[in-house]
Number of protein chains: 2
Amino acid sequence: MEWTAVDNDACAVTLTSDVLGDRWSVLVLREIFNGVRRFDDIQGHIGVSRSVLAQRLRRLMDHGILHKREYQAPGDRPRYEYRLTEMGRSLQPVMQAMMEFGDRWLTSHDDPTVIVRHKECGARVKVTSVCAEGHVIDEPRDLYAVLGGAPLKSAS
Amino acid sequence: MEWTAVDNDACAVTLTSDVLGDRWSVLVLREIFNGVRRFDDIQGHIGVSRSVLAQRLRRLMDHGILHKREYQAPGDRPRYEYRLTEMGRSLQPVMQAMMEFGDRWLTSHDDPTVIVRHKECGARVKVTSVCAEGHVIDEPRDLYAVLGGAPLKSAS
DNA sequence: CAGTATCCCAAGCGATACTG
DNA sequence: CAGTATCGCTTGGGATACTG
């Protein structure tokens with residue numbers, strides 16, 4: 001099929017890429033998906049400067065991916081933690097697809113760093129392409145993309 | 001569970017994030033997944049400067065995601081096109097997960113920009129989390145992550 | 001068509017120090 | 001603990017012009 005230019009401002013991939021942000025944001029998200037939720041802990045783990053971390057957290061909050069919660073351990077001073085919103089949680093397939101790609105192609109070791117499991121049965125979870133007819137598609141070549149109904153790029 | 005710091009240099013998400021690169025690289029990949037393969041076409045579609053596009057293409061080739069092919073339409077002068085390697089094609093789930101996230105949360109219109117279909121049956125394809133027991137998991141909260149066997153961060 | 005070379009500017013970064 | 005403020009410095013970017 002022939003492709004007219006997709007409107008960048010309306011393209012889902014573009015927009016998601018903007019929300020994900022840069023490398024630092026992705027690392028922040030990894031930490032939070034892993035349950036690391038406090039400023040200094042995140043900073044220690046990923047080794048980013050404080051100002052950049054603050055900016056990334058704010059950015060992720062602005063996009064509705066994270067929200068900040070204050071909590072108080074009894075007799076302790078208040079703490080803050082960053083948690084995923086529902087929108088943030090729905091980035092899980094993106095993160096996991098990245099994980100699986102990295103484990104397949106990029107890591108030197110055989111074992112994955114992180115394994116995702118199903119709470120209900122404990123079995124390992126993978127991201128899978130499935131069509132509406134129920135076929136599982138392992139080979140990307142068995143897919144094709146067509147334009148949907150969204151507006152195209154206006155200009156020439 | 002308690003999390004020890006994952007070694008950033010061994011983390012699959014980190015490494016994939018590096019390969020994906022920045023916004024421009026992702027847009028380049030979108031174009032190439034959409035079958036737009038020539039330098040000037042890509043440049044026209046995504047509106048990046050020539051030097052940056054050249055650098056991103058080189059980078060994606062260095063990472064083994066793309067390769068460059070010369071071809072010759074009969075009686076025409078040689079042309080070049082960028083194609084996905086097998087490694088590049090296996091980024092498809094990542095791209096599609098991004099697309100689905102964007103379509104759900106970020107686009108203003110109801111219709112998706114791009115629809116992915118199964119060649120064999122034409123049915124629409126979605127990325128799905130499936131566990132080894134065959135359960136389909138729609139809700140990210142029904143998942144949990146544990147450390148795999150990969151090495152942890154060495155320092156402090 | 002498919003790039004490379006140059007230039008100049010702006011944004012981004014880490015380091016450091018400071019605040020509630 | 002959880003940030004903000006300030007500061008140089010480097011990197012990266014678009015624009016433009018040039019080459020095979």
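Just so it is clear: chains get the letters A, B, ... in the order the sequence lines come, proteins before strands, and each one is counted from 1. All values derive from a computational prediction rather than experimental measurement.
- At dG3(D), one or more side-chain N or O atoms of Y82(A) fall inside 4.0 Å of OP1 or OP2 (strictly under the cut-off).
- No more than 12 heavy atoms of other residues, nucleotides or ligands shown are found within 6.0 angstrom of CZ on R141(B).
- A cation-pi geometry, defined here as NZ or CZ lying under 6.0 Å from the six-membered ring centre and within 45° of its normal, does not hold between K119(A) and Y144(B).
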Intra- and interstrand pairs of DNA chain C - dot-bracket, Watson-Crick/G-U under 3.5 Å, | marks other strand = ||||||||||||||||||||
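- Atom P of nucleotide dC1(C) and atom CG of L53(B) are separated by 14 Å, given to the nearest angstrom.
- Taking hydrophobic clusters as Ile, Leu, Val, Met, Phe, Trp and Tyr residues chained together by side-chain heavy-atom distances below 4.5 Å, V130(B) does not share a cluster with M99(A).
- In this model, the phosphate group of dA2(D) is not approached by any side-chain N or O of R79(A) to a distance below 4.0 Å at OP1 or OP2.
- If you take CZ of R37(A) and P of dG3(D), they are 15 Å apart, rounded to a whole angstrom.
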Yes or no on side-chain contact (heavy atoms from CB on, under 4.5 Å) for L15(A) and W105(B), after CA distance, side-chain angles and deciding distance?
-> CA-CA 9 Å; L15(A) 295 167; W105(B) 294 100; over 6 Å; no
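- Taking CD1 of I32(A) as the start and CZ of R89(A) as the end, the distance is 12.5 Å to the nearest 0.5 Å.
- Criterion: ILVMFWY side-chain heavy atoms under 4.5 Å apart, direct or through other members. Under it, V127(B) and I137(A) are not part of a common hydrophobic cluster.
- Residues S90(A) and R104(B) come closest through the heavy atom pair CB-NH1, 3.8 Å.
- Under a 3.5 Å cut-off, the side chain of R117(A) and the backbone N or O of G122(A) do form a donor-acceptor pair.
- Separating the OH atom of Y80(B) from the P atom of dT4(C) is a distance of 11 Å, rounded to the nearest angstrom.
- In this model, the phosphate group of dG3(D) is approached by a side-chain N or O of K68(A) to a distance below 4.0 Å at OP1 or OP2.
- Side-chain proximity of R58(A) to the nucleotides dT4(C), dT4(D), dA2(D) is greatest for dT4(D).
- Whole-Å rounding puts the L57(A) CG to dG3(D) C1' distance at 10 Å.
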Each nucleotide of nucleotides 7-20 of chain D classed B (base within 4.0 Å of a protein heavy atom), S (only sugar-phosphate) or -, in 5' to 3' order, makes ------SBB-----
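- A donor-acceptor pair under 3.5 Å is absent between the side-chain atoms of D18(A) and the main chain of G21(A), judged by distance alone.
- Here dC1(C) presents its C1' atom at 10 Å from CG of D41(B), a figure rounded to the nearest Å.
- The separation between Q43(A) atom CD and dT16(C) atom P is 13 Å, rounded to whole Å.
- Spacing between atom CZ of R38(A) and atom C1' of dC1(D) amounts to 8 Å, rounded to whole angstrom units.
- Atom CG of D40(A) and atom P of dA2(D) are 5 Å apart (whole Å).
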